[in-house]
Structures are given as C-alpha cells and as structure tokens.
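Residue numbering restarts at 1 for every chain, and letters A, B, ... go by the order of the sequence lines. Not measured: the values here are computed from a predicted model.
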4 protein chains.
Amino acid sequence: MAQDRRTSILDAAERLFAESGFDATPTARVAAEAKVPKGLVFYYFPHKIDLLLALVTERLPTHGPDEADRVVEPGDATTSLIRLDEHVGLAEHASATLRTILFREAGTHPEVGKHLRHLRQNLVALTENVLDRTVGVVLDPGLRRDAAHTFVAAMLDRANTVRTGEVAPDLAGVARVVSMALQPAR
Amino acid sequence: MAQDRRTSILDAAERLFAESGFDATPTARVAAEAKVPKGLVFYYFPHKIDLLLALVTERLPTHGPDEADRVVEPGDATTSLIRLDEHVGLAEHASATLRTILFREAGTHPEVGKHLRHLRQNLVALTENVLDRTVGVVLDPGLRRDAAHTFVAAMLDRANTVRTGEVAPDLAGVARVVSMALQPAR
Amino acid sequence: MAQDRRTSILDAAERLFAESGFDATPTARVAAEAKVPKGLVFYYFPHKIDLLLALVTERLPTHGPDEADRVVEPGDATTSLIRLDEHVGLAEHASATLRTILFREAGTHPEVGKHLRHLRQNLVALTENVLDRTVGVVLDPGLRRDAAHTFVAAMLDRANTVRTGEVAPDLAGVARVVSMALQPAR
Amino acid sequence: MAQDRRTSILDAAERLFAESGFDATPTARVAAEAKVPKGLVFYYFPHKIDLLLALVTERLPTHGPDEADRVVEPGDATTSLIRLDEHVGLAEHASATLRTILFREAGTHPEVGKHLRHLRQNLVALTENVLDRTVGVVLDPGLRRDAAHTFVAAMLDRANTVRTGEVAPDLAGVARVVSMALQPAR
DNA sequence: AATGAATGAGATTTCATTCAT
DNA sequence: GATGAATGAAATCTCATTCAT
C-alpha cells in the first residue's frame, strides 16, 4: 500500500519529466499527476533530484553480455543485429520516457551521466558478443570493436533522434552496413 | 559598441546554457556573466527564450552539400570520411557549447528541435555527396543512404557522447567500417 | 523502560535546544538524536512546547534561602560569595544547556520567563541570607539589597556570557568589590 | 526614495524580531509590516539572516572610551556611573529591540555574538575611563578592573532583565555599591 | 503503549518581466 | 538607448501534528 503510492509518484515523475523536462516540471505537478498530497512527494524524495535519481537507478535496465543468446542468428549478422536492437528496445515507447530523461539530464546531473556511460559500455560489450557468436570465423579484435561501436552509436543516436522528432535513421540499414563490413570476402 | 554588448550577452548565455542548461540559468546570471545591467538583457532579448533562439539561429553553421569538395580524397573513402568529420567539427571545443544546447533543448523547445532536424538532413546529404565523389563506381542508392546515415549517426552520437563525458567512439574506426561495407569486392 | 525513552527524548531535546535554539530544532531531529521513532516524541509530549516546559520545570533547580548554611564563611564575605557562586554552579557545564535555553527562550515563551524570574528572586533572597550570616553586624537593609542584587546580576550575566562566548567577568573580583562595599570602616 | 523602502524593511524587522524572535518571524510578515511586496525584502536582503546582520552591524552603537567626558562628575563616582548608564541607554526603549535581538541571537548566530563581545569590551574600557576621571587618586588596576566589570555586568544583566520581564535591579544601587568599594577610607 | 506514513499550511527563496526615469 | 528598483506568481522545501494500526 505504502509502496503503491511511492510507485505512483515515480510513474507520474517519469511521465512528466519525459514530457517537459526535469527542470520545467514542478514537484507540485508530480504530486497532482500522482494524485497524492504535495507533502508525500517530499516524504519519499526529500529533494527533487532524488526523484530523477530514483528513476534512473531503479528503472533503467542494464544489459549484460549474456543476453546475446536470445538474439543471435548464426551466420546472419544483419538479422542478429536487428534482433539485438529490438531486444534492447531503446526505440520502444516503454523506455522512451527514461531514455529522454537519460539523454537530457546526463550533461547536468553527474549521477545520470554515470548511468548513460554504463549503458553504452554494456551495449558495446553485448554487441561484440553478438557478433562473435554470429559469424563463424575469428574476427579481428579491432574491427570487431569498431563494428560494435558503430552499431551502438546508431542505436543511441536513433534513441535520441526519436525524442527530438527527427527522421529516425533505419537501424536495419545500419545493420546491413555493419554486416557487410565484416564479410571476409565476397 | 551597442553590438558589442549584445554579443557579450550571447557569449555569456552560450557559456552558461552549456554549463547548467537553459532552464537552470537565470537571466540575472547571464547579465552578471556578461557584465551588463540586468535590464539590458531584456532590452535586446525581450523574453528569455529569445536568447536560446538567437544562439541557435545566429551561431549554428548549416552544412551545404557543396562543402564535399573540401574533404574528398578520391578513391579513399576512409580518409574522406575522417576529413569530413574534421571539417564539420562537431567534436571541437568551439561548437561544444552550442552542440550541448542543441541536444539538450531539442526535445522541449520546438524551434531548437527544428534546427537539429535540419542539421541531420544536411549532414546526410553532404555525406552522400562525399561518398559519391570518393568512390569511382555508381553506388546503390539504398546502400549509399544507409552508409551516410550510419556515419552521420556516429558523428552526432559522438557529439552527444563528448558532452556527457562518455568514452567517445572512434570516428576513424567507424569510417573504416563504412568504407569496407562499400568495397565492391576484396 | 518507558521512562528511559522519555528521558532519552528530554536529553536529546536539551542538547539540541541548547545548540540551535528551540525554534530551529525540528521535533524529528529530537527523535533521531534520541533514537526513538518520531511518533513517540508526540506520544509523551503532545506539543513541541511541552518539551521545553518539561526541561525547565523538571530539570532546573530552585535555590531556597536555607542553602546559605552550606557556603557561609563567618566574617569573610568575599569567600562566602565565591563559595555561593560555586554552589549555585550557574557556570558549570551541567547547567550550561539549560541556562542557554532559559535565557534565550525567556523573552518569547512566558512559562520560561516565569522560571527565570523565580530563579532571580530566589538567588537574591539566598544572597541576602548569606551576607547576613557572614558579617556579624546588622546591615542596612537597602545596602544589603543592593549588594545582593549586584552579585546576582554578576552571576546571571556571567552565565549569559559563557553562552555567548564572551570573556567571562571574574566572579571573585565582583565578590571582592561587593565585600569591600560592606566594610563598615577601614 | 529607494533607501526609504530599505529602511522601512529594517524598521519592521527590528520591531518584529524584538517582539517574537528572529526564527518565529516570517519574512512575509516583515514585508507586510513594512508595507512593501514580499519580493522587495529579498531584493535588499537575499537571505533572511541578512536582515539580522544588517540590524546588528548598521544600528548598534559601539561606545568608545572618549565618551567618558560627557558623564564624568568629578569626585562623585555614584553619580558618574548613573550618568554613564543613562548615556549608554541600554535600558531605554529605543535600544530595547536591538538589545533583545543581540542577547537572544548571540548564541546561535556567530556574527551577532561577535558584536555582543565587542560591546562588552568597549563598555568595560569606557567604565574604567569614567572611574579614572572621577576619583582623584590613582586606583589599583585590579580593583578598577573588577569595579568596571561589576558595573558593566549589572548594566548588561539589567538589559537582559528588562527583556525577559524580570524585576529590574536598581542600577543606582549598584552604582552606590561600586562607588563604596572604591572609597580609600571613610 | 507505540509507530511511521501521511498531511497541508506555510516558510524561504527564485526569477522572468516590467517600467519609470 | 539603458538601467536597476520593483513585483508577484510560483517553486522548493519544512515540519508540527494526526491517526490508523
């Protein structure tokens, strides 16, 4: 019961911060949106910034390298990468709000920036793992790293793109480009 | 003289908005940083948002497709792309503050978002142009587009990366990956 | 057991009120300092002011005139007064916190002011008694009263002085001055 | 004109702080009492504590030793001391509010405590000067110091007394006691 | 007897904006 | 063109007190 109300508050904060940004959202609006009295927000989150921190630390999935298993399509790097993107789901609506918060506040709130750095590191490691398991041959470590960074950059850029209303780059296209670069010969 | 003071104000705003964000920067601090009286800021920029708009419209370069000439290294796509990145200079300190502002405020301020969309479109067109002039053969339009999007995504992602303190992906590596994908045969 | 927790609360309140003042000390901090749940403070002391009143009524000694016996040194007014001061112990650390509270809150909280007035009256009566029993001769009532008031004023002033970090006046010196004023002839 | 409004604010603060104490007086009440908008209080005094500091630093007289000239009655220490007390005017209504503030806040606000220490030092020096110029003979330095401290203690104690509603000790009586102590012989 | 989640009135402070000069 | 005093709406945060359990 008590946790329900704390959850309502976080839900409301997530929605509003994504819509209008952290700074532009008064705590009073969070309380109203969560249908709890103003004082209760402070009770659970003594300072406004604690709302942001709770969202980022409690609700952001960190992707471990073991998740590669679920998406690998042996011998087909393009498909594997596309499925990786779908699995991570950065473009999906469910994570849209957190993603918005993550990118926007990373520059001004150190704790948030730290999480964004971890996310990228994990995604790169995961992508390298996916590539390894997909292609049969042993990849050059430098090339593998560059390929992974390229794909992760595209995923993160697209996440950012969606939020700013730009025309999203096609991740399938990027997957194809990366995949072609890895072809030992044609 | 009058223009000098207007410029001081914009300089100060650029610095402070990049540091702390638009919302978190009081106009009074802009005035203090610019060493002008508070009233003068509102004299030149009747509303606070006008400061942001002036920065974006007056100080952001838009890259036309004709700039390809300056960077193309015929026959060497990797080098051409690296030189393109250097030319655009998104990673350079000079544009760091504007870039910061651009990414952060794009989601909440429509005018700013519009500029970011234009920037991406122009960069994609420019990159396609660079690729065309670099490789001798006629590229498949779909592949060319995917390659351009991939490289632009990496450039923009890196710009965003720098601002959040993440480990920057290596643009030379991405250039190599994109370049290899375009090799007709090896 | 129950009394232990009530005592902890009063101990904590005494410490914190002395440090930061009554108004500036939240009851929540009292509870934290006493290591009891917040609700318990209000269980024992329904209103915050009751904490202050309990401290003053339960922990402040009132000095009766009969205490003169313990300090009188017949024929030596200076020594008697010095011993009176030591006996009353207003300067001692044990009473420092209560003294602090007494002086600071006397002006704004009538109940506390009443206690301070009683303390002064009792001290004057006690000092007059000490002087009477010390000197052999019959003192002029007006002079005796003035002398007592002078010494009590010095004791209370010093109590206040210690609390504000001023250089404490030397009570032995005051005892000497008062004593000399009472000498019938030299 | 502008200064007038700043002065109104300080006047109001002086009145209200004396009445109810610093902590118990909302800045909104200060604004209301001064008949200025709430924002203006903050304009002149960015933090509430600045009101207190301005009162103490701008409105508290510091008594220099040269002021002795105005009160000395040669050969009559009792009269000289009484006139000194009247001159310093700690008991007068005009200084009552500041005195109240001074004593109450000295313990919790270091800046205020510093002023109270200076006031005592200056008063002791001034009183010693008065005694020197009043009595013809050369006083023993130790005795002179004790006598001065005794009288200053009484003045400060009485100031404090008035504020807490206690029965004020008679300063004329203290003057007589101190004066008698200085009589070389009778 | 004990508790800690809950409440809401109100405190301090912030700050974009106005405007008389 | 320039200025800085002035304004007030609104933001964040505080905290004594209540009350269901």
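Residue-to-nucleotide proximity on DNA chain E shows that, of B/P26 and A/V36, the 5′-proximal contact is made by A/V36. Taking the nucleotide of DNA chain E with the nearest heavy atom to each of C/P37 and D/D23, the more 5' of the two is matched to C/P37.
With rounding to whole Å, C/L40 atom CG is found 15 Å from E/dA5 atom P. Per the geometry, CG belonging to D/L52 stands 13 Å off P belonging to E/dT12, to the nearest Å. For A/F45 and E/dA6, the CZ to P distance is 12 Å, given to the nearest whole Å. Between the P atom of E/dA11 and the CG atom of D/L51 lies a distance of 15 Å, rounded to the nearest Å. Rounded to a whole Å, the NZ atom of B/K35 is 16 Å from the P atom of F/dT3. Nucleotide E/dA1 holds its C1' atom 15 Å from the CZ atom of C/R6, rounded to whole Å. Rounding to whole angstrom units, CG of residue D/L16 and P of E/dA11 are separated by 13 Å.
DNA chain E contains the following stems of three or more consecutive Watson-Crick or G-U pairs, with both distances under 3.5 Å: E:2-21 with F:2-21.
Contact annotation: the side chain of B/R120 approaches that of A/T161 to within less than 4.5 Å [non-hydrogen atoms, C-beta and beyond]. A heavy-atom distance below 4.5 Å is not found between the side chains of B/E111 and B/V56. Taking the side chain as every heavy atom from C-beta outward, A/R59 and A/D11 approach each other to under 4.5 Å. The side-chain heavy atoms of B/L53 and B/I49, taken from C-beta on, include a pair separated by under 4.5 Å.
Put simply, the side chain of C/R104 gets close to the backbone of C/F17: a donor and an acceptor are under 3.5 Å apart.
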Could you list all N or O pairs between the protein and nucleotides 17-19 of chain F that sit under 3.5 Å apart?
| residue | atom | partner | partner atom | Å |
| --- | --- | --- | --- | --- |
| F/dT17 | OP1 | C/H47 | ND1 | 3.4 |
| F/dT17 | OP2 | C/K48 | N | 3.0 |

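Taking 4.0 angstrom as the limit, B/Y44 places none of its side-chain polar atoms (N or O) nearer than this to OP1 or OP2 of F/dG1. Contact annotation: D/R5 side-chain N/O to F/dG4 OP1/OP2 distance is not under 4.0 Å.
Residues that satisfy the side chain to side chain contact (heavy atoms under 4.5 Å, CB included) test with D/A54, not counting sequence neighbours, are D/R6, D/L10, D/F45, D/E58. Residues satisfying the salt bridge (Lys or Arg N to Asp or Glu O under 4.0 Å) test with A/D50, not counting sequence neighbours, are none. Listed by chain and residue number, B/H115 satisfy the side chain to side chain contact (heavy atoms under 4.5 Å, CB included) test with B/T57 (two or more places apart in sequence, or in another chain).
Which of F/dT3, E/dA2, F/dG4 sits closest to the side chain of B/Y43 comes down to F/dT3.
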Donor-acceptor pairs are to be reported for all side-chain atoms of residues 22-40 of chain C against protein atoms at under 3.5 Å, with residues two or more places apart or in another chain.
| residue | atom | partner | partner atom | Å |
| --- | --- | --- | --- | --- |
| C/T25 | OG1 | C/L16 | O | 3.4 |
| C/T25 | OG1 | C/G21 | O | 2.7 |
| C/E33 | OE2 | C/R15 | NH1 | 2.7 |

